Amino acid sequence: MADGEDGRKSRIAVFDFDGTLTDSDSMIEFIRYVKGDLSFAKGLLYHAPLLLLFKLGLYSPDLMKERLFSYFFKGKRYRDFIELCADFYSALGESLLKRAAVEAVTKEREKSSLVIIVSASVREWIEPFSRMLGIDTVIATELEVDERGLLTGRFSTPNCNRQEKVNRLKQVFGGLERFYISVYGDSEGDAALFEMADEVHYRAF
């Protein structure tokens with residue numbers, strides 16, 4: 001077990017995904033890959049009124065994200081969705097990752113007990129990235145699947161952003177006081193993680 005800076009606590013490294021490990025928003029890239037640019041543009045046009053309210057701060061970003069996901073993927077067979085996530089990584093994965101971020105993950109794997117991704121994106125399309133990077137755990141937004149194995153278009157957990165990132169970390173690991181925590185993030189969505197971190201890497205890449 002790797003030690004933290006005080007020599008007693010186990011060190012864990014927590015990485016945000018979108019904008020930290022990647023150059024772009026993975027949900028947008030995933031939709032464009034699966035549906036094509038034309039269908040993606042049509043979906044945005046259909047949601048234009050809500051997107052305007054979202055931009056003005058009058059519509060919840062969590063609801064906006066779920067509405068878009070539902071529009072594009074509701075009714076999709078879950079096992080087919082998993083295959084699409086694997087195909088997405090095979091086609092575009094390496095091009096989306098920041099080289100400096102990959103190097104940081106490699107270094108953290110050498111000195112940390114655990115290396116974790118905590119992201120507001122959907123776990124299923126993050127996991128192919130995490131396997132390649134040697135990440136121990138992915139904590140992310142989870143999808144609801146019905147009894148027929150179809151995506152309902154809803155999330156089964158709250159959107160894993162802001163305070164929810166800390167909440168989910170605690171759910172998985174319990175009390176965090178026993179860890180020396182190093183956090184890598186790039187936005188206000190990571191602010192709650194930064195507040196509880198022992199070591200902060202803000203827009204490090």
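These figures come from a predicted structure and were not determined experimentally. FYI, side chains are in, hydrogens and waters are out, and symmetry mates aren't considered; it's all heavy atoms of this structure.
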Can you list, pair by pair, the side-chain donor-acceptor contacts under 3.5 Å of residues 41-60, counting residues two or more places apart and other chains?
residue, atom, partner, partner atom, Å
His47, ND1, Gly43, O, 2.9
Ser60, OG, Asp62, N, 3.1
Ser60, OG, Leu63, N, 3.2

Measure the shortest side-chain to side-chain distance between Thr20 and Phe205 over non-hydrogen atoms and say whether it is less than 4.5 angstrom. yes
Could you list the residues that satisfy salt bridge (charged side-chain N to carboxylate O under 4.0 Å, His left out) with Asp136, not counting sequence neighbours? none
Given Phe40 and Val34, is the side-chain contact (heavy atoms from CB on, under 4.5 Å) satisfied, shown in steps? CA-CA 9 Å; Phe40 175 64; Val34 173; over 6 Å; no
Does the side chain of Val145 come within less than 4.5 Å of Leu151's, by heavy atoms? yes
Path from Leu68 to Ile126 over hydrophobic side-chain contacts below 4.5 Å: yes
Taking only residues two or more places apart in sequence, or in another chain, which ones meet Glu127 in a salt bridge (charged side-chain N to carboxylate O under 4.0 Å, His left out)? Arg123
Distance check, rounded to the nearest 0.5 Å: Glu108 atom CD versus Leu114 atom CG? 11.5 Å
Which atom pair, heavy atoms only, marks the closest approach of Ala192 to Met196? O-CG, 3.3 Å
Is there a donor-acceptor contact under 3.5 Å linking the side chains of Glu142 and Thr157? no
Please check this pair: side chain of Arg109 against backbone of Leu133, looking for a donor-acceptor N/O pair closer than 3.5 Å. yes
Would you say Leu193 and Leu21 are hydrophobically clustered, going by side-chain heavy atoms of ILVMFWY under 4.5 Å? no
State which residues pass salt bridge (charged side-chain N to carboxylate O under 4.0 Å, His left out) with Asp198; sequence neighbours excluded, sorted by chain then number. none
Arg32 side chain reached by Ile28 side chain, heavy atoms, under 4.5 Å: yes
Same cluster for Tyr180 and Val200 if Ile/Leu/Val/Met/Phe/Trp/Tyr side chains link at under 4.5 Å? no
Which Ile, Leu, Val, Met, Phe, Trp or Tyr residues join Leu38 in one cluster when any pair of side-chain heavy atoms under 4.5 Å counts as a link? none
For Phe15, check ring-ring contact (aromatic ring centres under 6.0 Å, His included) against everything at least two apart and list the hits. Tyr184
Is the backbone N or O of Asn161 less than 3.5 Å from a side-chain atom of Asn159, with the two atoms forming a donor-acceptor pair by type? no
Mind checking what makes side-chain hydrogen bond (donor to acceptor under 3.5 Å, both in side chains) contact with Ser39, not counting sequence neighbours? none
Between Ile181 and Val183, does a side-chain contact (heavy atoms from CB on, under 4.5 Å) hold up when you go through it step by step? CA-CA 6 Å; Ile181 302 175; Val183 173; 3.8 Å; yes
Show me the side-chain donor-acceptor pairs of residues 92-99 shorter than 3.5 Å, one per line, residues at least two apart or across chains.
residue, atom, partner, partner atom, Å
Ser95, OG, Leu92, O, 2.6
Lys98, NZ, Gly19, O, 2.7

Just grab all the ring-ring contact (aromatic ring centres under 6.0 Å, His included) pairs involving residues 90-145, residues at least two apart or on different chains. Phe17-Phe129, Phe30-Trp125, Tyr89-Phe129
Side-chain heavy atoms nearer than 4.5 Å, only ILVMFWY residues, links allowed to pass through others: does that put Tyr71 and Tyr33 together? yes
Go through the structure and list residues passing ring-ring contact (aromatic ring centres under 6.0 Å, His included) with Phe69, not counting sequence neighbours. Phe73, Phe81, Phe155
Closest contact, heavy atoms only, Ser119 versus Ser121: OG-N, 2.9 Å
Donor-acceptor pair, Asp146 side chain versus Gly149 backbone, under 3.5 Å? yes
Side chains of Val122 and Leu143: does their closest heavy-atom pair fall under 4.5 Å? yes
Distance, nearest 0.5 Å, that separates CZ of Arg79 from CG of Leu150: 10.5 Å
By salt bridge (charged side-chain N to carboxylate O under 4.0 Å, His left out) - contacts of Glu188 (at least two apart): Arg162
Verify the distance criterion only: is there a donor paired with an acceptor across the side chains of Arg11 and Ser112 at less than 3.5 Å? yes
Check the hydrophobic clustering (I, L, V, M, F, W, Y; side-chain heavy atoms under 4.5 Å; chains of links allowed) and say if Ile117 and Ile12 are grouped together. no
Thr106 side chain vs Val102 backbone, donor-acceptor pair below 3.5 Å: yes
What is the distance from atom NZ of Lys74 to atom CZ of Arg67, rounded to the nearest 0.5 Å? 10.5 Å
Do Arg178 and Ser10 have side-chain heavy atoms sitting under 4.5 Å apart? no
Report yes or no: does Arg203 contribute a side-chain atom to a donor-acceptor pair with the main-chain N or O of Asp186 at less than 3.5 Å? yes
Atom pairs and distances, donor-acceptor, side-chain atoms in residues 166-177, under 3.5 Å, two or more places apart:
residue, atom, partner, partner atom, Å
Asn167, OD1, Gln163, NE2, 3.2
Asn167, ND2, Glu164, OE1, 3.4
Arg168, NH1, Ala140, O, 2.9
Arg168, NH2, Ala140, O, 3.0

Determine whether Asp190 and Lys165 make a side-chain contact, defined as any pair of heavy atoms from C-beta on separated by less than 4.5 Å. yes
Using a 4.5 Å cut-off on heavy atoms from C-beta on, say whether the side chain of Ser182 contacts that of Val14. no
Would you say Thr152 and Glu144 are linked by a side-chain donor-acceptor pair, where the criterion is simply a distance under 3.5 Å? yes
Apply side-chain contact (heavy atoms from CB on, under 4.5 Å) to residues Ile139 and Ile116 and explain how you reach the verdict. CA-CA 8 Å; Ile139 298 172; Ile116 303 162; 4.2 Å; yes
